[in-house]
K.L.:
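First the structure, which I've put down as C-alpha cells, then a few questions once you've had a look.
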Amino acid sequence: MVDVAAIFKAYDVRGVVPDQFDESVARATGAAFVEVLDVLAGPGAVVVGYDMRPSSPALAAAFAEGVTSTGADVIMIGLASTDQLYFASGRLDLPGAMFTASHNPAQYNGIKLCRAGAAPVGADSGLRDIADLVEKALVDGPVATAVPGTIREKDLLTAYADHLHDLVDLSKIRPLRVVVDAGNGMGGHTVPAVFATGPVEIVPMYFELDGNFPNHEANPLDPKNLVDLQAKVREGGADLGLAFDGDADRCFVIDEKGDPISPSAITGAVAVRELAKHPGATILYNLITSKAVPELVTEHGGVPVRTRVGHSNIKQKMAETDAVFGGEHSAHYYFKDFWRADTGMLAALHVLAALGEQDKPASELFAVYERYVSSGELNNKVEDAAATVAAIEDTYGGQADITLDRLDGLTVSAPQWWFNVRTSNTEPLLRLNVEAADRATMERVRDEVLALITGTPATVLSNEGKN
C-alpha cells in the first residue's frame with residue numbers, strides 16, 4: 001500500500017517511482033483533482049503537461065485517465081516546462097497538472113498542480129483534500145462515470161514563446177553570446193523556441209532531453225552543477241551564462257567571468273525594471289532574500305513586501321497586494337503579467353534585456369545590486385529542530401540592537417547582519433541563511449549559529465535546498 005501522506009507534500013506531490021509514486025496514484029489523483037476543484041461544474045477540463053523523465057508520459061496518461069473517468073476532458077500539451085504549463089493554465093483558463101520532479105534525482109517524479117489561471121493548490125487550498133480522496137480510492141477502488149471525458153492534444157510552445165516576447169522585447173538590444181546549460185532538462189525544449197530569432201546567439205549545453213541526467217543533476221542551486229557552464233562561459237568569451245533546472249521554471253545566471261550572480265541581485269534588477277514600467281508598484285521578496293532588495297525597491301519608488309518562503313505563499317501574497325513582481329532566494333521569479341506564476345525564462349529575458357540595452361559587462365552591471373555578503377543556504381540535520389531554534393532564540397533574544405521575528409522560522413537581525421533558521425517542509429533539516437555587511441562579519445555570525453545548531457561548523461551538509 002502506497003503511503004499517500006509521504007508523497008503529498010506542502011506544495012506538490014513527489015516520490016520515488018514506482019515504489020512511492022506509481023500510475024495507480026496518478027490515476028486516483030486525476031479523479032480527486034476534478035472532485036476537489038469542482039472541475040465539472042466549472043471549466044469542464046484540465047490541462048496536462050509532462051517533463052522528459054522516463055516515467056512522466058505514463059504517469060501523465062494515467063492522471064488523464066483519472067480525469068476523464070469523472071466525465072471531465074483533458075487538454076494534453078505534451079512535453080513542457082513547468083512555466084509552459086502555467087502559461088497553458090492561464091491562457092486557456094483551466095486547472096493544470098505538470099508531471100515533474102523539478103531538480104530532484106532521476107528516480108523521482110511528481111505533480112505540480114494549479115487551479116485555473118495558474119493559481120496555486122497548496123496544503124490548505126486543496127492538496128490535503130486531494131490526498132484524502134486518493135488514499136480512499138486506493139483502498140476502495142476507483143468510481144467511474146458512465147460517460148467518460150475526452151483527451152485532446154494541443155501544442156502551445158509557439159504561443160508560450162510569443163507571449164514572453166510580448167512581455168520583453170529583445171529585438172533592439174546589442175548582440176549577445178549566451179551559453180545555456182539545460183542540464184538535459186526542459187530548457188532544451190523551450191530555449192530553442194524562445195530564441196529561434198533575434199540578436200541572442202545561444203551556445204547550447206546538454207540540450208538533449210534525458211531524465212537520467214547523464215551530465216550532472218539538473219539542480220543549479222548546487223554549485224557543483226554550475227562548473228561546466230562556468231568553464232564554457234570563460235573559454236568561449238560569452239557575455240552571459242544561464243542554467244535551468246530540470247523543469248526549467250528556475251534560472252540561474254553566470255556573468256562573463258564565470259561567477260554566479262545571486263538570485264537576490266537578479267530580483268533587485270528585475271524589480272527595478274518592473275518599477276520603471278509600473279511606478280509605485282508593490283514588489284515581493286521572501287524573508288531570506290538579501291536586504292538589498294527592499295532597499296532597491298524603496299529607492300526606486302516601489303513598495304517592498306516581505307513574505308514567507310514558498311510559491312504558494314508568494315502567489316497568495318501577490319494576489320492580496322496586487323504586486324507586479326516577486327523574487328525568491330531559490331531563483332523562482334513571479335510576474336503579475338504571467339498570471340502571478342513563476343517563470344525562469346521571463347526572468348532570463350529581463351536579464352538579457354538589461355544587459356543588452358547598455359554596454360557594460362554583466363559583472364559591472366549587476367554589481368550594483370550585490371550590496372552584502374551571504375552565506376548561501378546551509379542545511380543541517382538536527383534531532384529536535386524546535387529545541388534548537390528555541391536555544392538560538394534564547395541566545396540572541398534580549399540583546400541590545402537585536403530584533404527577532406517568526407514570520408517563517410526565526411529571523412534574528414542586527415544593524416550589520418541578519419540570519420534566518422527554518423525547518424524544511426520536505427526533509428529533516430534546519431536551514432540557515434546569513435547575510436552581513438562584509439565577509440568577516442558574515443563568517444563570524446555563521447559560525448556562531450552553526451555551533452549552536454550542530455556543535456561544529458564542519459557538520460554542515462550542503463548549501464542547497466528548496467523549501
K.L.:
With a 4.5 Å heavy-atom cut-off, do Leu352 and Phe195 have their side chains touching?
P.N.:
yes

K.L.:
Under a 3.5 Å threshold, yes or no: a donor from one side chain and an acceptor from the other, between Asn215 and Asn184?
P.N.:
yes

K.L.:
Look up atom CG in Leu209 and atom CG in Leu79, then write down how far apart they are to the nearest 0.5 Å.
P.N.:
6.0 Å

K.L.:
Just by distance, with hydrogens left out, do Glu256 and Ser363 show a side-chain donor and acceptor under 3.5 Å apart?
P.N.:
yes

K.L.:
I want to know whether His103 and Tyr108 have ring centres closer than 6.0 Å.
P.N.:
no

K.L.:
Test your reading of the model: is there a side-chain donor-acceptor pair from Gln358 to the backbone of Lys360, 3.5 Å cut-off?
P.N.:
yes

K.L.:
Mark yes or no for whether Asp408, through its side chain, and Val309, through its backbone, hold a donor-acceptor pair below 3.5 Å.
P.N.:
yes

K.L.:
Could you list the residues that satisfy side-chain contact (heavy atoms from CB on, under 4.5 Å) with Lys136, not counting sequence neighbours?
P.N.:
Asp140

K.L.:
Is the shortest distance from a Lys or Arg side-chain nitrogen in Arg340 or Glu320 to a carboxylate oxygen in the other one below 4.0 Å?
P.N.:
no

K.L.:
Measure the CG-CE distance between Leu85 and Met186 for me, rounded to the nearest 0.5 Å.
P.N.:
11.0 Å

K.L.:
Please evaluate residues Asp247 and Thr82 with respect to the criterion side-chain hydrogen bond (donor to acceptor under 3.5 Å, both in side chains), reporting the C-alpha separation (whole Å), side-chain torsions for both, the decisive distance (0.1 Å), and the verdict.
P.N.:
CA-CA 6 Å; Asp247 60 336; Thr82 291; 2.6 Å; yes

K.L.:
So with a 6.0 Å cut-off around NZ of Lys154, is the heavy-atom count from everything else above 12?
P.N.:
no

K.L.:
So, Asp51 side chain and Arg53 main chain: donor-acceptor pair closer than 3.5 Å or not?
P.N.:
yes

K.L.:
Using the ring pair (Phe, Tyr, Trp, His ring centres under 6.0 Å) definition, which of the options Phe335, Tyr333, Phe325, Phe338 pairs with His350?
P.N.:
Phe335

K.L.:
Return the orientation label for the Phe21 and Phe99 ring planes: parallel under 30°, perpendicular over 60°, tilted otherwise.
P.N.:
parallel

K.L.:
Heavy-atom distance under 4.5 Å between the side chains of Ile283 and Val324, does that happen here?
P.N.:
yes

K.L.:
Between Leu170 and Pro199, what is the shortest heavy-atom contact and its length?
P.N.:
O-CG, 3.1 Å

K.L.:
Would a distance-only check, ignoring hydrogens and angles, find a side-chain to backbone donor-acceptor pair under 3.5 Å from Asp129 to Val36?
P.N.:
no

K.L.:
Side chain to side chain contact (heavy atoms under 4.5 Å, CB included), that's the test. Do Leu229 and His216 meet it? Break it down for me.
P.N.:
CA-CA 11 Å; Leu229 174 62; His216 59 70; over 6 Å; no

K.L.:
Can you tell me how far CG of Asp19 sits from CD of Gln107, rounded to the nearest 0.5 angstrom?
P.N.:
10.0 Å

K.L.:
Could you walk me through whether Val46 and Leu37 satisfy the side chain to side chain contact (heavy atoms under 4.5 Å, CB included) test, starting with their C-alpha distance in whole Å, then the side-chain angles of each, then the deciding distance to 0.1 Å, before giving a yes or no?
P.N.:
CA-CA 10 Å; Val46 175; Leu37 271 66; over 6 Å; no

K.L.:
Please confirm whether the backbone N or O of Ala58 pairs with a side-chain atom of Glu23, one donor and one acceptor, at under 3.5 Å?
P.N.:
no

K.L.:
Kindly compute the distance separating CZ (Arg308) from CD (Gln316), expressed to the nearest 0.5 Å.
P.N.:
9.0 Å

K.L.:
Going by atom types only, do Glu435 and Ser375 share a side-chain donor-acceptor pair under 3.5 Å?
P.N.:
no

K.L.:
Decide yes or no on side-chain hydrogen bond (donor to acceptor under 3.5 Å, both in side chains) for Asn109 and Ser56, but give the supporting numbers first.
P.N.:
CA-CA 7 Å; Asn109 213 329; Ser56 290; 2.9 Å; yes

K.L.:
Run the salt-bridge test on Asp73 and Arg152 with the 4.0 Å N-O cut-off and return the result as yes or no.
P.N.:
no

K.L.:
For Phe213 versus Pro105, what's the shortest heavy-atom pair and its separation?
P.N.:
CE1-C, 4.3 Å

K.L.:
Short question: side chain of Glu201, backbone of Arg177 - any donor-acceptor pair under 3.5 Å?
P.N.:
no

K.L.:
Before accepting this row, confirm whether a basic side-chain N of the pair Arg306/Asp405 lies closer than 4.0 Å to the acidic partner's carboxylate O.
P.N.:
yes

K.L.:
Can a donor-acceptor pair be found, under 3.5 Å and without considering hydrogens, that links the side chain of Thr29 to the backbone of Val25?
P.N.:
yes

K.L.:
Kindly determine whether Thr100 and Lys112 satisfy side chain to side chain contact (heavy atoms under 4.5 Å, CB included), including the steps that lead there.
P.N.:
CA-CA 7 Å; Thr100 181; Lys112 293 183 177 180; 4.1 Å; yes

K.L.:
Take Asp222 and Lys224 through the salt bridge (Lys or Arg N to Asp or Glu O under 4.0 Å) test and state the conclusion after the steps.
P.N.:
CA-CA 6 Å; Asp222 187 338; Lys224 71 175 182 289; 2.4 Å; yes

K.L.:
Identify the two heavy atoms, one from Ser102 and one from Asp245, that lie closest to each other, and give their separation to 0.1 Å.
P.N.:
OG-OD2, 3.3 Å

K.L.:
Tell me, please, whether Tyr86 has Lys315 positioned over its six-membered ring: NZ or CZ under 6.0 Å from the ring centre and within 45 degrees of its axis?
P.N.:
yes

K.L.:
Checking side chain to side chain contact (heavy atoms under 4.5 Å, CB included) for the pair Arg174/Asp239: CA distance, chi angles, key distance, verdict?
P.N.:
CA-CA 11 Å; Arg174 64 183 170 92; Asp239 297 291; 4.0 Å; yes

K.L.:
Please check if the number of heavy atoms outside Glu153 that lie under 6.0 Å from its CD is greater than 12.
P.N.:
no

K.L.:
Side-chain contact, heavy-atom cut-off 4.5 Å: Ile111 with Phe33?
P.N.:
no

K.L.:
Is there a side-chain contact between Pro192 and Phe207, using heavy atoms and a 4.5 Å cut-off?
P.N.:
yes

K.L.:
Closest heavy-atom contact between Gln20 and Ile7?
P.N.:
O-CD1, 3.5 Å

K.L.:
Could you grab the distance from atom CG of Leu92 to atom CD1 of Ile75, nearest 0.5 Å is fine?
P.N.:
7.0 Å

K.L.:
Going by heavy atoms in the side chains, are Leu240 and Ile254 under 4.5 Å from each other?
P.N.:
no

K.L.:
For Ser125, is there any backbone N or O sitting under 3.5 Å from a side-chain donor or acceptor partner on Arg115?
P.N.:
yes

K.L.:
For the pair Ser89 (side chain) and Ala118 (backbone), establish whether a donor and an acceptor sit closer than 3.5 Å, ignoring hydrogens and angles.
P.N.:
yes

K.L.:
Donor-acceptor pair, distance only, cut-off 3.5 Å: does the side chain of Asp155 make one with the backbone of Leu157?
P.N.:
yes

K.L.:
Between Glu328 and Thr289, does the side-chain hydrogen bond (donor to acceptor under 3.5 Å, both in side chains) criterion hold? Intermediate values first, please.
P.N.:
CA-CA 6 Å; Glu328 290 202 89; Thr289 302; over 6 Å; no

K.L.:
Please determine if Asp228 and Lys232 form a salt bridge, counting it only when a charged side-chain N lies under 4.0 Å from a carboxylate O.
P.N.:
no

K.L.:
With Lys291 as the cation and Tyr372 as the aromatic partner, state whether NZ or CZ is under 6.0 Å from the six-membered ring centre and within 45° of the axis.
P.N.:
yes

K.L.:
Any heavy-atom pair between the side chains of Val180 and Phe244 that's under 4.5 Å?
P.N.:
yes

K.L.:
So which heavy atom on Gly327 is nearest to which on Thr267, and how close?
P.N.:
CA-OG1, 3.6 Å

K.L.:
Compare every heavy atom of Val293 with every heavy atom of Ser264, then report the nearest pair and how far apart it is.
P.N.:
O-CG2, 3.5 Å

